[in-house]
2 protein chains.
Amino acid sequence: MVTQSEVAKRAGVSFITVSRVINNKGNVKEETRERVLEAIKELKYYPNSLGRGLNSNKVNTVGIVIATLMGVNIHGNQFYNELMSGIEGICIRNSHDMLISTQKKYPGVEYDYLKLYYERKIDGIIMVSPNIPESQLRQIEEERIPCVIIDDHSDEHRISYVDADNREAVNLAGDYLFQKGHRKMGFLKGVENNRNAQDRLAGFYDVIAKHNLDLKEDWILEGDFTVEGGRDALRKLVAQNNLPTVLLCANDQMALGVMAEAKNAGLKIPEDLSVMGFDGIEAHRYTTPILTTMRQPLVEMGVAAAEMLFEQINNTDYVQEIRIFPVELISGESVKDVAG
Amino acid sequence: MVTQSEVAKRAGVSFITVSRVINNKGNVKEETRERVLEAIKELKYYPNSLGRGLNSNKVNTVGIVIATLMGVNIHGNQFYNELMSGIEGICIRNSHDMLISTQKKYPGVEYDYLKLYYERKIDGIIMVSPNIPESQLRQIEEERIPCVIIDDHSDEHRISYVDADNREAVNLAGDYLFQKGHRKMGFLKGVENNRNAQDRLAGFYDVIAKHNLDLKEDWILEGDFTVEGGRDALRKLVAQNNLPTVLLCANDQMALGVMAEAKNAGLKIPEDLSVMGFDGIEAHRYTTPILTTMRQPLVEMGVAAAEMLFEQINNTDYVQEIRIFPVELISGESVKDVAG
DNA sequence: GAAATAAATGTTAGCGCTAACATATTCAAA
DNA sequence: TTTGAATATGTTAGCGCTAACATTTATTTC
C-alpha cells in the first residue's frame, strides 16, 4: 500500500510537500510539483481518505438515508430513483461520494438517523421520506448538523427541507376533476403517520368543502402506498356497490393497483370509473389508459436538496431554507370528461 | 465531539478498556463493561470509523459502482433498483454501509473503477454493468481486490461475477415464439460494446439458425436500450414497409418504446405486430397489452453478488466464483399465437 | 501457601494524514 | 551589499483508534 511518505521518498522531498501538492495548498516550486506528480503517477498513489478525514474533518461524503432502503417503500422505487439522480449530479459536481445507511429497521425501535453522521464524520445528510423522532430533530437543530429533508418536514424545527406542495396539488387535482364534471369523488389515502399523506388528505377535504361536494365516508379508502393496497381498495370499493365517478389516489403505485384490479373486476376505466394518480412515476405512461397524475419535479427536488446541503456544508452560518415545489398536472386518459 | 478517552474518564478506566468493550475483544469484568456501556450511553458516544479504519483496515463499507449512476442508463432504473435492494439486504445483515462512487464520466476517458477502493479503503466493490478497462481488470485479479461484477464479465480474468444466461434466454424466447407460430422474427439490438447485448444478439442468431428461419437484415435493428431508441426503431421498421410478425427486443425499455410508438403508428399489438421484451422490469405489468418478457431474477442476483463479496471479504483465500442465473419467461399478452 | 495459570487492566507505538510552527532559500528593494 | 519580505521546504505533534506487549490482580492446582 503506497503512502505519502513513499511518494515523498521517490520524489526526493518530505511528505508534507506531497501533501501540499495534492491539496494545492501553500507554495511549491513548479519543478518540485512536477516531480511529485510524476512520483504519484508512477507509484499509483491514492490519498487515504481515512487519514485525511481524521484531522481535517472533511471526508467528501454525503450521507443518504432513504425510507425505501430501510425496507419501507412509500412511493415506489421510481420516486427515489429520480430524486437520487438529481442528488447524484450535484454530488458529482462537488466531488462528494454518497454513503447509504443500511441500518436495520425494527418495528417499534427508534431508527438512528444520525448514526451515519456521528460515526462516519460525513459532511452532511439528506433524508428522504424519513420519520424522525423529536429528540433527533432537536439534535440536528442544536448541533447544526448539515441536513436537508426531502418529502417530509416539521414546522417546529429550523431544519431545511425540500417538498412538493402536496395540499395545493390535491386542490389542483380536485379542481381539474370538478371542471371535468365529477361530483362524486373518492380518495385513496396513504399511510397515516406520513406527513405528506396527511397533507394530501387535507387537500382532498379542501376540495370537498370548496366545491360543496358530498363527503361519503365509504369513498375515503385506507391505503398503504403500495400496488397491492390499491388492488385491495378497489375490491373494497366495488363490494360496497356504490361507486364514485372518480377515485383520486394518494400515489401512483396505488393507482396502478386500482387500474389492474379494475380490469379483473370488469370495470372499464375511465368509462365506469375515472382514476387519478399522484407522483408522476415513469410507469404511469405505459398504462392503458395512460394514467392522469400530478407530477412532482423529483429530479429538480433532488438537485435542490443537494445544493442546499452543500451550501450548509460550505457556509458556517446556519440558515434554514425551505423550498416548496409546485406539482404539475399530467393529463392522461384515465379521467373521463362527464361535463359535456 | 465525544472520544473514547472521554468515555474512559467517565467510566474510570483507560481508553483501551472502552475499545475492548466496543469490539467485544479481550477480557473485561462484567461490572466494568456495564460501567463503560453506561458512560457510552450517557455521553452519546459513537466510535469514529475513521480512526478505527485507519489501523484495522476494516471500514465496514461496500463500494458500489453502477453504470446508471454514472449517467449511462443501460437497463432503465427499475433494473438497478431491484439489484440494489438485493444487495442492500445482505449489507444490512453484515452491518456494512454502501458507498456509491460519483466520479464524473467523460466520454473517451477511462473511468477509474478502483479509485473508491484505494482511497476509501472499503472492504470490497460490486460493479454493475461496468465496462472495465483491461488494465484495471488485471489489477483486481493481481491484488485480489474483493470484487463481484454483475451484468458483465470477462472470460480472461479470474474475477467473480453474477450474470443471467443471456444467450440461452434469447434461445428460450425464440423457441417460444417459434412454437407460437412465428417465422418472421425481428430483433432490436442493444448497445454494441455491452457484453450482454452481444450475447443476446448471438442468441438470436442461434434461433434463426436452429429453426432455419430467414435472416432479414432489415429486421435487425440498432437500439440503445432506451425507450426513445425503441420508438426510433419502430418508426424505422414501419418505414421499411415490410414487417416481421414479431419483434424481440434486447430489453424492456425499448419494448415499451416500441409499443408506445406502435400506438401512434396505428399498429395494433399483438394483432399487427407481436412484441417481446427482456429483463422483466416492473413496468411491463402495466402495459396494455401486458408485455411478454424474459425475467432476470434481479433481487436474487443482487443477493448472490453481495453474498459472494462478503465471502471474499471474510476469507483470505481468493476463489473465483461464477453464478449464472436462469431467465424465466413471463407470458403476457403482447405475443400473438399465429400457430393455430 | 507457593507456583502456575488465567483474567483484568494499562502503556506504548503507530495507522496516514494535515495543521501549525520552524527553518532555509530566493528575490527584490534600499 | 544588507535587509526584509516572499517563497519554498521541513519538523513536530496529534486527529481517534487498535495491535502488541506489559503489568497487575484474581483464581486455580498441588
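Nearest nucleotide to the A/Ile16 side chain, out of D/dG16, D/dT9, C/dA19: C/dA19. Picking from C/dT9, D/dG10, D/dG16 the nucleotide with the shortest atom distance to the side chain of B/Leu54 gives D/dG16. For A/Gln4, taking side-chain heavy atoms from C-beta onward, the closest of the listed nucleotides D/dG10, C/dG10, C/dC17 is C/dC17. Distance from the side chain of A/Asn55 is smallest to D/dC15 among D/dC15, D/dA20, D/dT18.
Remark: of the listed residues A/Asn60, A/Asn23, A/Asn57, A/Asn23 is the sole one forming a side-chain hydrogen bond (donor to acceptor under 3.5 Å, both in side chains) with A/Arg52.
The CD-C1' distance, from B/Glu119 to C/dC15, rounds to 18 Å in whole Å. As rounded to whole Å, 14 Å separates atom P of C/dC21 from atom CZ of A/Arg20. To the nearest angstrom, P of C/dC15 lies 13 Å from NZ of B/Lys121. The distance from atom CD1 of B/Ile22 to atom C1' of D/dG16 is 11 Å, rounded to the nearest whole Å. Atoms CG (A/Asn60) and C1' (C/dC17) sit 14 Å apart, rounded to a whole Å. Straight-line distance from the CZ atom of A/Phe15 to the C1' atom of C/dA20: 13 Å, rounded to whole Å. The distance between atom NZ of A/Lys58 and atom C1' of D/dC15, rounded to the nearest whole Å, is 17 Å. Taking atom OH of A/Tyr46 as the reference point, atom C1' of C/dC17 lies 18 Å away to the nearest angstrom.
Taking side-chain N and O atoms only, B/Lys25 has a distance below 4.0 Å to OP1 or OP2 of D/dA19. Between B/Arg52 and D/dT18, a side-chain N or O to OP1/OP2 separation shorter than 4.0 Å is present. Regarding contacts with the backbone of C/dC17, a side-chain N or O of A/Tyr45 is found under 4.0 angstrom from either OP1 or OP2. Distances shown here put every side-chain N or O of A/Ser56 at or beyond 4.0 Å from the OP1 or OP2 atom of D/dC15. Look at A/Ser19 and you'll find a side-chain N or O under 4.0 angstrom from OP1 or OP2 of C/dT18. Of the side-chain N and O atoms in B/Asn27, none sit less than 4.0 angstrom from OP1 or OP2 of C/dT9. For the pair A/Thr32 and D/dA8, the criterion of a side-chain N or O lying under 4.0 Å from OP1 or OP2 is not met. Taking side-chain N and O atoms only, B/Ser14 has no distance below 4.0 Å to OP1 or OP2 of C/dT9.
The pair B/Arg195-B/Asp155 meets the salt-bridge criterion, with a side-chain N (NZ, NE, NH1 or NH2) lying under 4.0 Å from an Asp/Glu carboxylate O. Remark: B/Asp97 does not engage A/Lys115 in a salt bridge, criterion side-chain N to carboxylate O under 4.0 Å.
Side-chain atoms of B/Asn48 stay outside donor-acceptor range of the base of D/dC17, with no qualifying N/O pair under 3.5 Å.
Ring pair B/Tyr161/B/His153 is parallel by interplanar angle, where below 30° counts as parallel and above 60° as perpendicular.
Side-chain contact, B/Tyr80 with B/Ser85: no donor N or O sits under 3.5 Å from an acceptor N or O. B/Glu143 and B/Tyr118 form a side-chain donor-acceptor contact under 3.5 Å, judged by distance and modelled atom types alone.
Of the two residues near DNA chain C, A/Lys29 and A/Thr3, the one whose nearest nucleotide lies more 5' is A/Thr3.
Among the atoms of the strands shown, only primed sugar atoms or phosphate atoms (P, OP1, OP2) are found under 4.0 Å from some heavy atom of A/Asn23. B/Ser49 comes within 4.0 angstrom of no nucleic acid atom, judged by non-hydrogen atoms across all strands.
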